[in-house]
Structure formats: structure tokens, C-alpha cells
Amino acid sequence: QAFRDMSTIQKELVKQILQANVHSFAVMEEIIQNELPDKEANDLIQKIHDFLVNHYKKSSLKKDALRFLKYVKEKGYKLCLCTNNATDIIHQILEDKQMTSFFDFVVTSQQVQKSKPDPQMYQVAMEKVGLKPSDCIIFEDSESGVLAAEHASVPVVLVSNNDALIKDHVNMMIKDYADERLYKEF
């Protein structure tokens with residue numbers, strides 16, 4: 001539906017962004033703002049924003065995600081969320097999925113100069129909660145996130161059903177949070 005409501009120039013720009021494999025909301029926003037007049041750029045960004053909010057509302061969490069968050073929080077771990085998504089979208093998702101209380105700090109692509117695969121957002125999060133890379137573990141579901149974790153020198157658990165993702169850069173690979181290894185490891 002959102003795609004049908006776009007002008008031809010907006011559709012072409014969205015196709016270019018998708019073909020360029022842009023995974024950061026902030027980078028996407030910048031491209032759109034550089035390519036379109038203000039009103040049309042803001043309109044397209046809002047359409048994408050609304051589409052993403054609707055998509056995430058309909059999406060379910062990985063199996064036992066809330067159970068694992070509760071488990072590690074009760075054990076005293078500090079939890080940060082680092083995402084290439086937009087700040088207001090992620091806060092809405094956290095609220096809708098009843099996850100807000102689990103996270104000590106949230107970093108989005110709109111809050112840093114460089115998004116994943118650059119490690120900057122992980123570095124900002126670690127600084128904010130006062131931890132060194134050796135004191136952390138990153139759970140990631142994307143290739144750009146795994147690379148960012150590697151560049152931040154932090155061990156990474158890949159949460160994915162896709163065996164094709166870069167397995168050689170991860171310390172553990174799980175399909176969901178029901179994996180009992182998590183409860184033995186942490």
C-alpha cells in the first residue's frame with residue numbers, strides 16, 4: 001500500500017535505496033533529503049516510517065526473547081539496544097512489545113555519526129554504561145551488526161535462521177532465545 005501511494009520519483013528513489021542495500025534509517029533519511037525537495041522528502045520519510053511501524057507491530061519477537069531479557073536482567077546484566085532503525089520507531093516498538101524496562105540505554109542510527117557496520121553505536125553504548133569490550137557480548141541479527149561487533153572487538157552471538165550469514169565472525173549462533181546454551185553461558 002505505501003509503495004502505491006508514492007510518486008514516481010519517490011518510487012525510483014526507494015528502489016535505489018533498496019538496491020544499494022542501505023540498512024540505516026539515518027542514512028536513508030540523508031539520501032532522501034539530498035535527492036528530493038523538502039516537502040516531498042518529508043512525505044516519503046513519513047511513509048517509510050509509517051510502513052516500518054506497521055510492519056514491526058505485526059511482527060512477533062523471536063521465541064523466548066522476553067524470557068531471556070528477563071533472565072539476564074535479573075542476573076544484573078546491563079542491557080543496551082543498538083539499532084540502525086529510527087529513534088521514535090524503536091521506542092514505539094519497545095513500548096508495544098513491553099520491552100522498555102529491560103534496556104539501560106538505547107542507541108539508534110539517528111544518534112551517531114556512523115551506523116553499523118561501523119562500531120560507533122556499540123562504543124557509545126559501552127561508554128554510557130561504563131563497560132569495556134571484554135565485559136560485553138553483542139546479540140546481532142544482521143551481517144552489518146556482526147561486522148560492527150567485530151570492529152568493536154566484542155564477542156557476538158548471531159540470532160538468525162539464515163545459515164548463510166557470516167558464521168565465521170561469531171562466537172555462537174542461535175535461531176532463537178529458547179536455545180538452552182544461553183541459560184548455561186549467561
Side-chain angles (χ1 to χ4, degrees), residues 1-62 80-94 96-97 103 105-126 133 138-171 173-175:
Q1 176 63 33
F3 199 70
R4 281 183 270 152
D5 293 339
M6 293 179 193
S7 69
T8 303
I9 199 162
Q10 287 176 330
K11 287 178 185 177
E12 287 303 315
L13 187 54
V14 168
K15 284 180 190 175
Q16 289 172 14
I17 291 168
L18 292 172
Q19 288 170 345
N21 214 12
V22 173
H23 295 289
S24 164
F25 196 90
V27 171
M28 181 217 49
E29 268 184 317
E30 186 179 337
I31 291 168
I32 291 170
Q33 289 167 341
N34 288 337
E35 295 293 324
L36 298 175
D38 286 349
K39 186 177 183 326
E40 193 170 1
N42 291 338
D43 177 59
L44 179 55
I45 291 166
Q46 188 61 50
K47 285 177 182 173
I48 293 169
H49 175 279
D50 294 346
F51 171 81
L52 290 171
V53 167
N54 188 44
H55 168 74
Y56 289 123
K57 277 187 176 191
K58 293 177 183 176
S59 299
S60 58
L61 296 173
K62 289 277 189 188
C80 298
L81 176 64
C82 298
T83 177
N84 275 347
N85 222 319
T87 304
D88 62 330
I89 292 174
I90 201 61
H91 285 293
Q92 187 167 352
I93 294 165
L94 290 174
D96 289 347
K97 305 290 184 186
F103 295 98
F105 191 66
V106 175
V107 184
T108 72
S109 63
Q110 293 175 314
Q111 298 167 316
V112 292
Q113 295 295 315
K114 298 177 182 173
S115 55
K116 300 174 196 175
D118 191 276
Q120 184 184 22
M121 66 176 62
Y122 290 135
Q123 293 162 340
V124 167
M126 287 185 285
I138 293 173
F139 287 77
E140 257 303 338
D141 63 356
S142 70
E143 185 173 339
S144 63
V146 168
L147 293 173
E150 182 179 46
H151 294 138
S153 301
V154 179
V156 65
V157 174
L158 177 62
V159 185
S160 177
N161 292 326
N162 184 354
D163 290 338
L165 283 177
I166 50 175
K167 291 189 280 191
D168 54 328
H169 296 274
V170 302
N171 299 75
M173 185 169 166
I174 61 173
K175 293 192 185 304

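Scope of the values below: all heavy atoms of this structure, side chains included, with no hydrogens, waters or symmetry mates. The shown structure was predicted, so the numbers you read here are calculated from the model rather than taken from an experiment.
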Original post:
Taking it one step at a time, do I48 and I32 satisfy side-chain contact (heavy atoms from CB on, under 4.5 Å)?
Top reply: CA-CA 11 Å; I48 293 169; I32 291 170; 3.8 Å; yes
**OP:** Please step through salt bridge (Lys or Arg N to Asp or Glu O under 4.0 Å) for the pair D43 and K47, ending with a clear verdict.
**Re:** CA-CA 6 Å; D43 177 59; K47 285 177 182 173; 3.1 Å; yes
Subject >> Candidate pair E143 and H23, rule side-chain contact (heavy atoms from CB on, under 4.5 Å), full reasoning >> reply: CA-CA 10 Å; E143 185 173 339; H23 295 289; over 6 Å; no
**OP:** Begin from the C-alpha positions of Q111 and V124 and carry the test side-chain contact (heavy atoms from CB on, under 4.5 Å) through to its verdict.
**Re:** CA-CA 10 Å; Q111 298 167 316; V124 167; over 6 Å; no
**OP:** Start with the C-alpha gap between Q123 and V112, add the side-chain angles, then the distance that decides, and say whether side-chain contact (heavy atoms from CB on, under 4.5 Å) holds.
**Re:** CA-CA 10 Å; Q123 293 162 340; V112 292; over 6 Å; no
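No side-chain donor from either of D96 and Y56 sits under 3.5 Å from a side-chain acceptor of the other. Residues N42 and Q46 have side chains that never bring a donor and an acceptor to within less than 3.5 angstrom of each other. Between the side chains of Q16 and E35, not a single donor N or O lies within less than 3.5 Å of an accepting N or O.
When every heavy atom of N85 is checked against every heavy atom of F25, the shortest pair comes out as C-CB, 3.8 Å. The shortest heavy-atom contact between N84 and M121 is OD1-CE, 3.4 Å. Taking all atoms of both residues into account, the shortest heavy-atom contact from S153 to P133 is O-CB, 3.4 Å. Considering all non-hydrogen atoms of both residues, S7 and E40 come closest at OG-OE2, 2.9 Å. The nearest pair of heavy atoms linking A125 to F105 is CA-CD2, 4.0 Å. Taking each heavy atom of H151 and P117 in turn, the nearest pair found is ND1-O, 3.3 Å.
Interatomic distance, CG of D141 versus CG of L158, reported as 8.0 Å (0.5 Å rounding). If you take CD1 on I90 and CG on L81, they are separated by 5.0 Å, rounding to the nearest 0.5 Å. Note that OG of S109 and NZ of K116 are 9.5 Å apart. Values are rounded to the nearest 0.5 Å. Here NZ of K97 is found 9.5 Å from NZ of K57. Values are rounded to the nearest 0.5 Å. Considering CD of Q110 and OG1 of T87, their distance stands at 4.5 Å, rounded to 0.5 Å. To the nearest 0.5 Å, atoms OG1 (T83) and CD1 (I93) are separated by 7.0 Å.
Heavy-atom contacts from other residues, nucleotides or ligands closer than 6.0 Å to NZ of K114 number 12 or fewer. Other residues, nucleotides and ligands contribute more than 12 heavy atoms inside 6.0 Å of the CD atom of Q33. When the shell of 6.0 Å around CG of N34 is examined, it contains more than 12 heavy atoms from other residues, nucleotides or ligands.
Under a 3.5 Å cut-off, the side chain of H49 and the backbone N or O of I45 do not form any donor-acceptor pair. Listed for the E140 side chain is no donor-acceptor partner under 3.5 Å among the backbone atoms of V146.
The closest side-chain heavy-atom distance from V156 to E150 is not below 4.5 Å. Residues K62 and N161 are in side-chain contact: their nearest non-hydrogen atoms beyond the backbone lie under 4.5 Å apart.
Shown are T108, V53, L94; of these, the side-chain contact (heavy atoms from CB on, under 4.5 Å) with I89 is made only by V53.
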